[in-house]
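Residue numbers begin at 1 in each chain, while the letters A, B, ... track the order of the sequences. Values in this document were obtained by computation on a predicted structure and should not be read as measured data.
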Amino acid sequence: MFRTHYCGKITKAELDEEVTLSGWVHRRRDHGGVTFIDLRDREGLVQVVFNPQLSETVHQQAHGLRSEYVIQVTGKVALRLEGTENTSLSTGEIEIHVSDLVILNPSKTPPFLIEDEEEVSESLRLKYRYLDLRRASVQQHFILRHQLSQAVRQFLNDNNFLEADTPYLTKSTPEGARDFLVPSRLNPGTFYALPQSPQLFKQILMISGFDRYYQVVRCFRDEDLRSDRQPEFTQIDLEMSFVDQEEILTLMEKMILKVFSEVQSLQLPEPFPRLTFQEAMDRFGSDKPDTRFGLELKDLCDIARRSDFKVFRTVLEKGGKVKGLNAKACAKLSRKEIENLTDEAMSRGAKGLAWMKVSDIGLEAPITKFFKPELLEEIRKTLEGEAGDLLLFVADKEQVVYDVLGSLRLSLGKRLNLIDSSVFQPLWVTDFPLLAFDGTEKRHVAIHHPFAAPMDEDLPLLESDPLKVRAQAYDLVVNGVELGGGSIRIHKQEIQSKVFELLGISKEDADSKFGFLLEALQYGAPPHGGIAFGFDRMVALLAGVESIREVIPFPKTQKGICLMTDAPSDVDPLQLKELYIKKERAIKAP
RNA sequence: GGGGUCGUAGUUCAGUUGGUUAGAACGCCGGCCUGUCACGCCGGAGGUCGCGAGUUCGAUUCUCGUCGGCCCCGCCA
């Protein structure tokens, strides 16, 4: 038997018992005479003592132990000598007096110390991920991940959801992200795609009468990576039949409340605030606003129209917008700092950044001369300017104004330390538009996805003014992080075909890509809808880490490389031949 | 595809306004040490300054390129 107990779980209850422990040598303190080892396993550390008085041979053996050796010790649990207890250790009152030692496996000196506090570059950590994962603080993230997935499953099971698997080798679909392709050997020249989401299959499951489905499922998207985006990631994916949007939001809110309080004892505000897409854009310049701080955007179109400021008036005449935000207590910023803000604004597409400082006597800036005193006072009132504030204005096309002020708001919020990181601020964003117009592709694209149902009252607009149609779609946003999104789906074939048409997908294309869905919709498809949560993002949020790489056991770098295995890599030409694949260009040798 | 930033012992970093022998801490190796827990003390080893080219009498330092990590824009239904 390798062990009778976990190292970190030994307590005074085992006093005087003989125990056997197996684990890694965390630290060695060799005093020549007595030698101490902190022995580590998943559950924690315990001090084991090698004393020559107990066994000269074992003490000799212990002298040769090194970091990360895997050993097995047998000995008696004893109270530590008075005054030598270690209060920072859960096992700090006891120690193991070792009578027998087996070196199960020696270890090379690790490239970095297995210590929580040790700061190591991420690339080294990922190359030696198995060593990095030995660190308690890193393991903690994965324990949290496990607990969260269990809590979610528990909730969904209790609410009558069935877990079902959907294929990973599936059909490539147009729209959306790039697919990862997998060549089919049995069908030369054809390819499977790895799913970007189980979307179509879960809808088919509803048509099958599963009624409620969920899956904690891996999804794949061949797009560029970010701190919150990996090529493979995990979603909590679910779908329900015979529900409306309200029922889904209510149930999901219950789920989030429950699992957040279960795994992290977080009490979220109840009910979650809701914002329509339009409100979110108007007030925060973003469809995933961080509502933990103010600095809200204010509309100044009306005031600007009455001013003599050409820049603003021209924009308005062309149908643009003028909005502003109040950078609290930023009047003290130097010319240089304001220039930096301007650069930031321009990098987001603004042509410039107008500003005014609020002082005791009113607004001060080169541009105030274009505004009558009463207009200046209106501006100050609208933005609630107090002495010492800096007012920022952007005039441009609506989308640019939102983008620029939305990102300025965020960076100012961070810079001015307005964000209380202990607060969790959830939010439903609803009433998304169904479609947007893609200027480069010169066609409509789906905001959520092509299967989201239009709002019933907007159905007539599908013909007359499609961009005005709102979708029965919703996002869950927490602290500015998009944690999940979903919609009521189209369950009538005619409407689905109509939406494909609006998206510029020909009938032939629709049939060849989604024919199975269009057909299934004609066999008694129930009204249905669902949602998918970004599980990695949720864990990262709860763990308080910036990057989802911290909560994925074996993540990839920004170039999509696994530093541990060196995937992706070249393959044997024979493999390619079997798959009828020929490389067009030789790849550079690594 | 684009912008930014970083790359110096095993690790985290300092440094070099272009110049003989590139430093610190931790880690590692050896010795001493019977109550430590970031043990202590003494000694030691360890470097293609990411890679390549250019400028120069001389490049880790300057220039250009390149590779890689990270952050961001585009992209991500």
**OP:** By nearest nucleotide on RNA chain B, pick out whichever of A/S547 and A/F451 is the more 5' one.
**Re:** A/S547
**OP:** Would you kindly give the NZ-to-P distance between A/K127 and B/G7, to the nearest whole Å?
**Re:** 20 Å
Original post:
With rounding to whole Å, what would you report as the distance between B/U5 and B/C37 at their C1' atoms?
Top reply: 40 Å
**OP:** Could you tell me whether the side chain of A/R66 has a donor or acceptor atom within less than 3.5 Å of a complementary atom in the base of B/G27?
**Re:** no
Original post:
How long is the line joining CD of A/Q47 and P of B/C39, in whole Å?
Top reply: 11 Å
Original post:
A/S67 near the nucleic acid: base, sugar-phosphate alone, or nothing, with a heavy-atom cut-off under 4.0 Å?
Top reply: sugar-phosphate
**OP:** Taking only the side-chain heavy atoms of A/R221 (C-beta and beyond), determine which of B/A38, B/C76, B/U34 contains the nearest atom.
**Re:** B/C76
Subject >> Rounded distance (Å) that lies between atom C1' of B/G69 and atom CG of A/D224 >> reply: 16 Å
Original post:
Is the shortest side-chain N to carboxylate O distance from A/R29 to A/D38 below 4.0 Å?
Top reply: yes
**OP:** Determine the interatomic distance between C1' on B/G27 and the same-named atom on B/C39; round to the nearest Å.
**Re:** 16 Å
**OP:** Answer yes if the side chains of A/Q235 and A/S197 hold a donor-acceptor pair under 3.5 Å, and no otherwise.
**Re:** no
Original post:
Is B/U36 paired to anything, Watson-Crick or G-U wobble with both distances less than 3.5 Å, and if yes, which nucleotide?
Top reply: none
Original post:
Checking all strands, does A/L563 fall into the base, sugar-phosphate, or nothing category for heavy-atom contacts under 4.0 angstrom?
Top reply: nothing
Subject >> Per A/R549 side chain, nearest of listed nucleotides B/A38, B/C71, B/G35 >> reply: B/C71
Original post:
When all nucleic acid strands are considered with a 4.0 Å heavy-atom cut-off, which category describes A/F112: base, sugar-phosphate, or nothing?
Top reply: nothing
Original post:
Considering only side-chain heavy atoms of A/P111, which listed nucleotide, B/C73, B/G27, B/G10, is closest?
Top reply: B/G10
Subject >> C1' spacing across the pair B/A53 / B/G47, given as an integer number of angstrom >> reply: 23 Å
Original post:
In the strands shown, is B/C76 matched to any nucleotide by a Watson-Crick or G-U wobble pair with both distances under 3.5 Å, and which?
Top reply: none
**OP:** Evaluate whether the aromatic ring of A/H31 and the six-membered ring of the B/C39 base sit under 5.5 Å apart, centre to centre, with an inclination under 30°.
**Re:** yes
Subject >> Nucleotide nearest A/R226 when distance is taken to its side chain, options B/U34, B/C73, B/U36 >> reply: B/C73
Original post:
Roughly how far apart, to the nearest Å, are B/A14 and B/A9 at atom C1'?
Top reply: 13 Å
Original post:
NA contact type, A/Q558, heavy-atom cut-off 4.0 Å: base, sugar-phosphate, or nothing?
Top reply: base
Original post:
Base, sugar-phosphate, or nothing for A/V120, non-hydrogen atoms under 4.0 angstrom?
Top reply: sugar-phosphate
**OP:** Taking atom C1' in both B/A59 and B/G31, compute the distance separating them and give it to the nearest angstrom.
**Re:** 42 Å
Original post:
So, does the side chain of A/R28 form a donor-acceptor pair with the base of B/C39 at under 3.5 Å?
Top reply: no
Original post:
How is A/P450 classified with respect to the nucleic acid when contacts are heavy atoms under 4.0 Å: base, sugar-phosphate, or nothing?
Top reply: base
Subject >> Strand partner of B/G68, provided both Watson-Crick or wobble distances fall under 3.5 Å >> reply: B/C6
Subject >> Same-atom distance (C1') from B/G44 to B/U8, integer angstrom >> reply: 22 Å
**OP:** Establish whether the base of B/C76 is bridged to the side chain of A/R229 by a donor-acceptor pair shorter than 3.5 Å.
**Re:** yes
Original post:
Is any N or O donor-acceptor pair between the side chain of A/E95 and the base of B/G35 shorter than 3.5 Å?
Top reply: yes
Subject >> Opposite nucleotide pairing with B/G44, Watson-Crick or G-U, both atom distances under 3.5 Å >> reply: B/C28
Subject >> A/K556 atom NZ, neighbour heavy-atom count above 12 within 6.0 Å >> reply: yes
**OP:** Just call it for A/S121: base, sugar-phosphate, or nothing, with non-hydrogen atoms closer than 4.0 Å on any strand.
**Re:** sugar-phosphate
Original post:
Using the C1' atom in both, what is the distance from B/C75 to B/G15, to the nearest Å?
Top reply: 42 Å
Original post:
Is the shortest side-chain N to carboxylate O distance from A/D132 to A/R125 below 4.0 Å?
Top reply: yes
Original post:
Is A/N51 touching bases, backbone alone, or none of the nucleic acid, heavy atoms closer than 4.0 Å?
Top reply: base
Original post:
With a non-hydrogen cut-off below 4.0 angstrom, is A/S197 in contact with a base, only sugar-phosphate, or nothing?
Top reply: base
Original post:
Is any side-chain N or O of A/R80 under 3.5 Å from a base N or O of B/C37, one able to act as donor and the other as acceptor?
Top reply: yes
**OP:** Determine the Euclidean distance between corresponding P atoms of B/G23 and B/U60; express it in Å to zero decimal places.
**Re:** 16 Å
Subject >> 5' precedence on RNA chain B between A/I447 and A/K559 (nearest-nucleotide basis) >> reply: A/K559
Original post:
Is A/R42 atom CZ crowded by more than 12 heavy atoms from other residues, nucleotides or ligands, each under 6.0 Å away?
Top reply: no
Original post:
Looking at A/F535, is A/R218 sitting on its ring face, NZ or CZ under 6.0 Å from the six-membered ring centre and within 45 degrees of the normal?
Top reply: no
Original post:
Does any donor atom in the side chain of A/S137 or A/D116 lie under 3.5 Å from an acceptor atom in the other side chain?
Top reply: yes
**OP:** Provide the Watson-Crick or G-U wobble partner of B/A59, both distances under 3.5 Å; none if there is no partner.
**Re:** none
